[in-house]
Amino acid sequence: LLLYIPTRLEDLRVKLENEGLVNISYVVVNHQGAQSQREIHLLKESVSDYISVYQQEEHQDDVWTTLNGNKDDFLIYDRCGRLVYHLGLPYSFLHFQYVEESIKIAYCENKCGNCSYTEPDIDHICENITKKADQKLAEIEPKPTGQHSHHHNLHRHGHHH
């Protein structure tokens with residue numbers, strides 16, 4: 001189970017790169033606990049060098065607490081470093097399309113106007129992604145059971161840092 005998410009994340013990274021979405025930074029944050037620290041080599045081996053694995057130290061403030069999230073959340077930032085999506089369970093399961101579609105939207109939106117971080121010639125890649133992604137998110141949204149619902153399940157953020 002430990003390696004399940006990073007392996008699927010690697011698959012998603014390759015898929016998006018093959019679709020032309022390049023220069024996306026991926027970071028996996030390892031838990032602070034002693035067992036997680038001992039097994040970090042397994043985590044690092046489950047992803048390519050294109051995905052960074054960040055090891056929290058036991059004595060530092062927990063990254064997830066600082067970010068108002070949980071260990072299974074996906075936080076998706078745009079190229080300017082603004083939080084665009086914060087997806088919690090069940091929306092962060094990679095067998096759903098939420099993470100992929102949220103990355104595509106964050107990649108293609110151009111809220112700030114011209115940006116030096118924008119990849120050249122992405123117009124043809126992104127032409128329909130935003131429209132299709134919004135439609136897919138509306139169509140595939142699972143109905144929460146109410147038992148483990150979390151206010152960050154699928155939350156679109158404005159321009160927060």
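The model shown is predicted, which means the values in this text are computed figures rather than measured ones.
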*Check the surroundings of atom CD in E57: do more than 12 heavy atoms from other residues, nucleotides or ligands lie under 6.0 Å from it?*
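More than 12 within 6.0 Å, yes.
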_Is the terminal nitrogen or CZ of R82 (NZ for Lys, CZ for Arg) located under 6.0 angstrom from the six-membered ring centre of Y77 and within 45° of that ring's axis?_
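No, R82 and Y77 do not form such a contact.
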*Any idea which heavy atoms bring F74 and L94 closest together, and the distance?*
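So the two residues come closest at CZ-CD2, 3.8 Å.
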_I need the minimum non-hydrogen distance between S92 and D72, along with the two atoms involved._
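Here S92 and D72 meet closest at OG-O, 2.8 Å.
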*asked:* Suppose we screen for side chain to side chain contact (heavy atoms under 4.5 Å, CB included). Which residues come up paired with Q56, at least two apart in sequence or across chains?
replied: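 Checked Q56 against side chain to side chain contact (heavy atoms under 4.5 Å, CB included); matches are V29, Q32, Y54, Q60, D62, V63, W64.
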*Tell me, please, which residues at least two apart from S52 pass side chain to side chain contact (heavy atoms under 4.5 Å, CB included).*
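Per chain and number, S52 pairs via side chain to side chain contact (heavy atoms under 4.5 Å, CB included) with V27.
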*Backbone N or O of G81 within a donor-acceptor pair of the D78 side chain at under 3.5 Å?*
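Here the side-chain-to-backbone pair exists.
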*Please check if the side chain of H41 supplies one atom and the backbone of R38 the other of a donor-acceptor pair under 3.5 Å.*
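Flag set: sc H41 to bb R38 pair under 3.5 Å.
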*Measure the CD1-CD distance between I51 and E10 for me, rounded to the nearest 0.5 Å.*
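It is 4.5 Å, given to the nearest 0.5 Å.
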*Which of parallel (below 30°), tilted (30 to 60°) and perpendicular (above 60°) describes F96 and Y98?*
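Perpendicular, since the angle between the ring planes exceeds 60°.
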*asked:* Holding to salt bridge (charged side-chain N to carboxylate O under 4.0 Å, His left out), I want the full list of residues that pass it with K15, two or more places apart in sequence or in another chain.
replied: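 By the salt bridge (charged side-chain N to carboxylate O under 4.0 Å, His left out) rule, K15 matches E100.
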*Side chains of F93 and V99 in contact at under 4.5 Å (non-hydrogen atoms)*: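 No, too far: nothing below the 4.5 Å cut-off.
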*Using the side chain to side chain contact (heavy atoms under 4.5 Å, CB included) rule, take Y107 and I76 through it: C-alpha gap first, then chi angles, then the decisive distance, then the call.*
CA-CA 10 Å; Y107 188 91; I76 300 171; over 6 Å; no
